[in-house]
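Have a look at this one before I ask anything.
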Amino acid sequence: MSDSPIDYLAEFERTAADFAAVLDRVDPAAAVPGCPGWTLADLALHLGAGQRWAASILLSGTGQRVPEVLRTTISWADWYGGTTAALAAAIRAVDPDEPCWNFAPVEQRAAFWSRRRMHETVIHLVDAVQAGADQDQRSASGLTVVPARIAADGVDEVFGVFLPRMLARGFAPAVTRQVGVRAVDTGDEWTLTPVPEGDRPQVERGKATGEAVVSGTAAELDLCLWKRLPGSVLTVEGDPAVAAAFLAGTATP
């Protein structure tokens with residue numbers, strides 16, 4: 001990854017604005033392929049409620065209930081924009097080093113939330129764009145809205161936050177054999193090594209090695225881990241069964 005840090009707040013606001021623009025131009029009743037059974041309105045409600053939830057956690061420093069949202073009669077884009085402004089204000093109001101609850105077995109600091117909500121918005125922007133695209137254009141349309149550097153950080157977040165999170169929730173380990181992951185456009189590489197069951201896998205950054213190595217653009221990798229693209233878009237070196245098992249595992253919710 002680049003040595004310069006990502007401005008998560010700026011990227012969140014940019015991505016949230018793009019999501020709001022989709023809400024303005026796509027039918028709220030459109031089906032969302034990445035979230036079976038959901039409409040675009042359902043997706044907006046989920047994302048906006050999550051922003052209110054994260055803002056309440058940041059301002060209190062403690063765990064909070066996800067709000068039961070009753071949207072007003074304003075447009076979806078305007079309502080969602082209000083939740084974006086609320087979360088952005090909360091991020092600006094709280095020092096990133098302040099102790100603050102989060103849901104994962106990682107450091108409990110406020111900085112967690114700007115990164116997490118940025119990536120949440122990126123993945124759901126993909127969902128929203130795909131909801132408005134023709135069926136034969138859905139995969140390509142999703143890839144166009146995920147900058148390579150952001151996608152590489154998204155892959156890193158999956159490995160550092162969600163692999164241990166899913167284990168803590170009782171899901172079977174996604175990493176059962178050593179596997180390497182390579183982003184061909186950014187140069188980022190990871191090696192994931194399983195450890196005794198129940199413990200998070202070892203993540204080594206800077207090289208990709210293992211019984212299988214899966215490669216693709218950073219956006220392809222990120223969207224495959226979030227099950228927004230099929231694993232067939234990736235290149236596999238080594239044991240294809242090991243790669244297939246890893247990609248089929250529950251690495252994300």
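Start at 1 with the first residue, then count along the sequence. Just so you know, these numbers come straight off a predicted model, no measurement behind them.
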Hydrophobic cluster identity match, I6 and W113, side-chain contacts under 4.5 Å: yes

Answer yes or no: is there a donor N or O on one side and an acceptor on the other, between the side chain of D7 and the main chain of A10, under 3.5 Å? yes

Chi angles and distances behind the salt bridge (charged side-chain N to carboxylate O under 4.0 Å, His left out) call for D222, R228: CA-CA 9 Å; D222 196 20; R228 266 51 178 195; over 6 Å; no

Which one of H119, R116, R115 satisfies the side-chain hydrogen bond (donor to acceptor under 3.5 Å, both in side chains) criterion with E157? R116

For the backbone of A104 and the side chain of N102, can you confirm whether one donor and one acceptor N or O come within less than 3.5 Å of each other? yes

With a 3.5 Å distance limit and no angle check, can you tell me whether K227 reaches the backbone of L247 through a side-chain donor-acceptor pair?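 Such a contact is found between K227 side chain and L247 backbone.
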
Any side-chain donor near an acceptor of the partner, Q178 and T193, under 3.5 Å: yes

Side chain T15, main chain F12, donor-acceptor under 3.5 Å: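 Here the side-chain-to-backbone pair does not exist.
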
Are V66 and L58 grouped together when hydrophobic residues (ILVMFWY) are joined by side-chain heavy atoms under 4.5 angstrom apart? yes

For H46 and Q51, test the side chains for any donor-to-acceptor distance below 3.5 angstrom and give the result as yes or no.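 H46 vs Q51: no donor-acceptor pair found between side chains.
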
Using the six-membered ring wherever Trp is involved, compare the ring planes of F159 and W190 and label them parallel, tilted or perpendicular (cut-offs 30° and 60°).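 Because their plane-to-plane angle is over 60°, the rings of F159 and W190 count as perpendicular.
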
Counting only N and O atoms by type, is there a donor-acceptor contact under 3.5 Å from the side chain of T252 to the main-chain atoms of L225?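 Checking the backbone N and O of L225 against the side chain of T252, a donor-acceptor pair under 3.5 Å is found.
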
For the residue pair V181 and L221, establish whether any side-chain heavy-atom pair is separated by less than 4.5 Å.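 V181 vs L221: side chains touch.
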
Starting from V242, can I reach V233 by hopping between I/L/V/M/F/W/Y residues whose side chains sit under 4.5 Å apart? no

side-chain contact (heavy atoms from CB on, under 4.5 Å) for C35 and D42? Distances and angles first, verdict last. CA-CA 10 Å; C35 304; D42 295 325; over 6 Å; no

Under the salt bridge (charged side-chain N to carboxylate O under 4.0 Å, His left out) definition, can you give me all pairs with a residue in residues 20-35, not counting sequence neighbours? none

Determine yes or no for a side-chain-to-main-chain donor-acceptor pair under 3.5 angstrom, with Q108 supplying the side chain and V106 the backbone. yes

Taking ring pair (Phe, Tyr, Trp, His ring centres under 6.0 Å) as the definition, give me every residue that meets it alongside Y8, ordered by chain and number, with sequence neighbours left out. none

Is there a chain of hydrophobic side chains (I, L, V, M, F, W, Y, each step under 4.5 Å between heavy atoms) that links V26 to W76? yes

For salt bridge (charged side-chain N to carboxylate O under 4.0 Å, His left out), just list the numbers for E189 and K207, CA-CA rounded to whole Å, side-chain angles, deciding distance to a tenth of an Å, and then say yes or no. CA-CA 5 Å; E189 298 188 0; K207 70 175 184 177; over 6 Å; no

Using modelled atom types only, decide if a donor and an acceptor are shared between the side chain of R200 and the backbone of P105 within a distance under 3.5 Å.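 Indeed, once roles are kept as given, a pair shorter than 3.5 Å links the two residues.
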
We want to know whether T84 and E13 form a side-chain donor-acceptor pair, criterion being a heavy-atom distance below 3.5 angstrom.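 No pair is found: no donor N or O on one side chain lies under 3.5 Å from an acceptor on the other.
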
Any donor-acceptor pair under 3.5 Å linking the side chain of Q130 with the backbone of D127?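 A pair under 3.5 Å: no.
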
Just by modelled atom types, is the V158 backbone N or O under 3.5 Å from a matching donor or acceptor in the R165 side chain? no

Hydrophobic cluster membership, with links at side-chain heavy-atom distances under 4.5 Å among I/L/V/M/F/W/Y: are M118 and L125 in one?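 Shared cluster, yes.
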
Applying side-chain contact (heavy atoms from CB on, under 4.5 Å), run through V126 and L223 and close with a yes or a no. CA-CA 9 Å; V126 170; L223 296 187; 3.9 Å; yes

Side-chain donor-acceptor pair present, Q64, S60, cut-off under 3.5 Å: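 Side chains of Q64 and S60: pair found under 3.5 Å.
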
Kindly determine whether E98 and R109 satisfy salt bridge (charged side-chain N to carboxylate O under 4.0 Å, His left out), including the steps that lead there. CA-CA 6 Å; E98 278 192 28; R109 299 286 176 184; over 6 Å; no

Ring centres of F103 and F112 under 6.0 Å apart?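 Between F103 and F112, the centre distance is under 6.0 Å.
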
